[in-house]
Trainee: 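Sharing a structure, written as structure tokens. Questions coming.
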Amino acid sequence: MTAKPAPKPSASARQIGMTTRSVSGIVPGLGPYESTLERDLMEIIRFEGAFESFLAQPVKIQYPGQGKKVRSYTPDGLIHFKASLARKPLLYEVKFRENFREKWRELMPAFRAAKSYCEGVGWEFRVFTEVEIRTPFLTNAKFLWPFKDLDADTAMVKALMSKVDDEAITVEALLDQIEEGDRTLFIPPLWNLIANRVIHCDLNQTLSLKSLLWAGSNHP
């Protein structure tokens, strides 16, 4: 049976308010969160920039509980990706592994209901834990984010780009090749180029002076 596409939700199914039991706040450009782990995943989503829209607490899914009781479950977020990626929308939940282990009997029926719902509307469902979220990529995303909108000096950008090609070069070696002025002034423009994927590196590894850089989209 072909899944019937669901209309894109325009408002959250449950509002996130202030709470004394968890950490809540707002990631600018995306929306509210109610745990530090949710915040970290949202920062990754924002940094990658591959989404067309994002909505926290997007849908309320009902499923049978014990007896005739009807239970409801509201996943943490919904991502609609850019059309160029040809990816299904992703409905997701964020849980610390310890919390998942403690409450798995309660959580699994809700997760099965979410998976079934997604199959019916052509979405995907996934549960993220700190293992998938708190990685070197998150560390790099947090570090590089302030440089993404940097108004970098055009001459510095050209000088940096002239030193990078399809052959990999380390950050340290690249800066060593800079002959114009104070080399430390070239560091912010370099982070800007890396943050915007103009210059590439493996962001799944901790960014350092030893990180390899290259200009092509494929790793040398």
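Hydrogens, waters and symmetry mates are skipped; everything else that's a heavy atom, side chains included, is used. Start at 1 with the first residue, then count along the sequence. These numbers were taken from a predicted model, which means no experiment stands behind them.
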Trainee: Show the nearest heavy-atom pair for residues Pro58 and Pro75, with the distance to one decimal.
Mentor: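 Scanning both residues, the minimum pair turns out to be CD-O, 3.3 Å.
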
Trainee: Assigning hydrophobic clusters by single linkage (Ile, Leu, Val, Met, Phe, Trp, Tyr; side-chain heavy-atom cutoff under 4.5 Å), is Leu185 placed with Leu174?
Mentor: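 Yes, it is one cluster - the side chains of Leu185 and Leu174 are joined through contacts under 4.5 Å.
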
Trainee: Do Ser53 and His80 come within less than 4.5 Å of each other through their side chains, counting heavy atoms only?
Mentor: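 Touching, per the 4.5 Å side-chain cut-off.
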
Trainee: Identify the heavy atoms of Arg197 and Phe47 that sit nearest to each other, and give their distance.
Mentor: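 Smallest interatomic distance, heavy atoms only, reads NH1-CE2, 3.3 Å.
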
Trainee: Write down the atom of Leu91, the atom of Cys118, and the distance for their closest heavy-atom approach.
Mentor: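 Closest pair (atom of Leu91, atom of Cys118, distance): CD2-SG, 3.6 Å.
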
Trainee: Tyr63: what forms a ring pair (Phe, Tyr, Trp, His ring centres under 6.0 Å) with it, not counting sequence neighbours?
Mentor: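 Scan of Tyr63 (ring pair (Phe, Tyr, Trp, His ring centres under 6.0 Å), adjacent residues dropped) gives none.
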
Trainee: Using the side chain to side chain donor-acceptor pair (under 3.5 Å) criterion, which residues pair with Thr206? Sequence neighbours excluded.
Mentor: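 Here no residue qualifies.
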
Trainee: Return the set of residues passing side chain to side chain donor-acceptor pair (under 3.5 Å) with Thr184 (not counting sequence neighbours), or none when no residue passes.
Mentor: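 Testing Thr184 for side chain to side chain donor-acceptor pair (under 3.5 Å), a comparison that skips the adjacent residues, returns Asp182.
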
Trainee: Sequence neighbours left out, what pairs pass side chain to side chain donor-acceptor pair (under 3.5 Å) with at least one residue falling in residues 138-147?
Mentor: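 The answer is Asp40-Lys142.
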
Trainee: Hey, could you give me the NE2/CH2 distance between His200 and Trp214, rounded to the nearest 0.5 Å?
Mentor: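 So the gap between those two atoms works out to 8.0 Å.
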
Trainee: What's the spacing between Glu124 CD and Leu78 CG if we round to 0.5 Å?
Mentor: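 Spacing of CD (Glu124) from CG (Leu78) equals 11.5 Å.
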
Trainee: At their closest point, which heavy atom of Leu175 faces which heavy atom of Ile187, and how far apart are they?
Mentor: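 So the minimum-distance heavy-atom pair works out to CD1-CG1, 3.9 Å.
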
Trainee: Applying salt bridge (charged side-chain N to carboxylate O under 4.0 Å, His left out), name anything that partners Glu172, two or more places apart in sequence or on another chain.
Mentor: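 Expected list: Lys210.
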
Trainee: How many angstroms lie between atom NZ of Lys82 and atom CD of Glu48, to the nearest 0.5 angstrom?
Mentor: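 These two atoms lie 11.0 Å from each other.
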
Trainee: Give, for atom OG1 of Thr135 and atom CD of Gln205, the distance between the pair rounded to the nearest 0.5 Å.
Mentor: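 One gets 10.0 Å once the value is rounded to the nearest 0.5 Å.
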
Trainee: With sequence neighbours left out, what residues match Glu132 under side chain to side chain donor-acceptor pair (under 3.5 Å)?
Mentor: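 Glu132 satisfies side chain to side chain donor-acceptor pair (under 3.5 Å) with Thr129 only.
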
Trainee: Measure the CG-CE distance between Leu193 and Met161 for me, rounded to the nearest 0.5 Å.
Mentor: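 Between atom CG of Leu193 and atom CE of Met161 there are 6.5 Å.
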
Trainee: Give me the atom names and distance for the closest heavy-atom approach of Gly122 to Pro89.
Mentor: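 That closest heavy-atom pairing would be O-CD, 3.8 Å.
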
Trainee: Taking only residues two or more places apart in sequence, or in another chain, which ones meet Ala173 in a side chain to side chain contact (heavy atoms under 4.5 Å, CB included)?
Mentor: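 With sequence neighbours excluded, Ala173 shows a side chain to side chain contact (heavy atoms under 4.5 Å, CB included) to Ile169, Thr170, given in chain and number order.
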
Trainee: Restricting to side chain to side chain contact (heavy atoms under 4.5 Å, CB included), what partner residues turn up for Ser116, sequence neighbours left out?
Mentor: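 In terms of side chain to side chain contact (heavy atoms under 4.5 Å, CB included), with neighbours along the sequence ignored, Ser116 is linked to no residue.
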
Trainee: Report whether Leu85 and Leu30 are members of the same hydrophobic cluster (ILVMFWY, side-chain heavy atoms less than 4.5 Å apart, transitive linking).
Mentor: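 The answer is yes; both residues are in one hydrophobic cluster.
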
Trainee: Looking at residues at least two apart in the chain, or sitting in another chain, which of them share a salt bridge (charged side-chain N to carboxylate O under 4.0 Å, His left out) with Glu93?
Mentor: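 Testing Glu93 for salt bridge (charged side-chain N to carboxylate O under 4.0 Å, His left out), a comparison that skips the adjacent residues, returns Lys95.
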
Trainee: Could you check whether any side-chain N or O of Lys60 sits under 3.5 Å from a backbone N or O of Ser72, counting only pairs where one atom can act as donor and the other as acceptor?
Mentor: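 Side chain of Lys60 to backbone of Ser72: no pair is present.
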
Trainee: Using a 4.5 Å cut-off on heavy atoms from C-beta on, say whether the side chain of Gln57 contacts that of Pro32.
Mentor: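 Pro32 does not reach Gln57 side chain to side chain.
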
Trainee: Does any non-hydrogen side-chain atom of Arg101 lie less than 4.5 Å from one of Phe96?
Mentor: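 No. Closest side-chain heavy atoms not under 4.5 Å.
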
Trainee: Can you confirm whether Val164 sits close enough to Leu160 that some side-chain heavy atom of one is under 4.5 Å from a side-chain heavy atom of the other?
Mentor: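 Not touching, per the 4.5 Å side-chain cut-off.
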
Trainee: Within this structure, what is the CD-CD distance for the pair Glu102 and Glu98, rounded to the nearest 0.5 Å?
Mentor: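 Nearest 0.5 Å value for the CD-CD distance: 5.0 Å.
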
Trainee: Is the shortest side-chain heavy-atom distance between Leu213 and Leu190 below 4.5 Å?
Mentor: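 Yes, side chains in contact.
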
Trainee: Does any part of the side chain of Leu37, heavy atoms only, come nearer than 4.5 Å to the side chain of Arg134, both counted from C-beta?
Mentor: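 Heavy-atom side-chain distance check passes, below 4.5 Å.
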
Trainee: Under the rule for side chain to side chain contact (heavy atoms under 4.5 Å, CB included), what residues qualify as partners of Phe143, not counting sequence neighbours?
Mentor: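 By the side chain to side chain contact (heavy atoms under 4.5 Å, CB included) rule, Phe143 matches Phe147, Trp191, Leu207.
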
Trainee: Just do the side chain to side chain contact (heavy atoms under 4.5 Å, CB included) check on Leu203 and Leu144 with the steps written out, would you?
Mentor: CA-CA 10 Å; Leu203 292 180; Leu144 290 171; 3.9 Å; yes

Trainee: Looking at every non-hydrogen atom in both residues, tell me the closest pair between Ile194 and Cys201 and how far apart they are.
Mentor: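 Minimum heavy-atom separation between Ile194 and Cys201: CG2-SG, 3.8 Å.
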
Trainee: On the 0 to 90° scale, with breaks at 30° and 60°, tag the Tyr73-Phe125 ring pair as parallel, tilted or perpendicular.
Mentor: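 Ring orientation of Tyr73 relative to Phe125: perpendicular.
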
Trainee: What residues form a salt bridge (charged side-chain N to carboxylate O under 4.0 Å, His left out) with Asp176, not counting sequence neighbours?
Mentor: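 Scan of Asp176 (salt bridge (charged side-chain N to carboxylate O under 4.0 Å, His left out), adjacent residues dropped) gives Arg183.
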
Trainee: Is there side-chain contact between Tyr33 and Val94, with heavy atoms separated by less than 4.5 Å?
Mentor: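 Heavy-atom side-chain distance check fails, nothing below 4.5 Å.
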
Trainee: Taking only residues two or more places apart in sequence or in another chain, which ones pass side chain to side chain contact (heavy atoms under 4.5 Å, CB included) with Asn204?
Mentor: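 Applying side chain to side chain contact (heavy atoms under 4.5 Å, CB included) to Asn204 gives Phe137, Asp202.
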
Trainee: Can you find a pair of side-chain heavy atoms, one from Phe128 and one from Ile44, that are under 4.5 Å apart?
Mentor: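 A side-chain contact is absent here, since even the closest heavy-atom pair is not under 4.5 Å.
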
Trainee: Quick check: is Leu55 connected to Ile26 through a chain of hydrophobic side chains (ILVMFWY, heavy atoms under 4.5 Å apart)?
Mentor: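 Ile26 and Leu55: separate clusters.
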
Trainee: Quick check: are there more than 12 heavy atoms from other residues, nucleotides or ligands sitting under 6.0 Å from NZ of Lys148?
Mentor: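 Count over threshold, so yes.
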
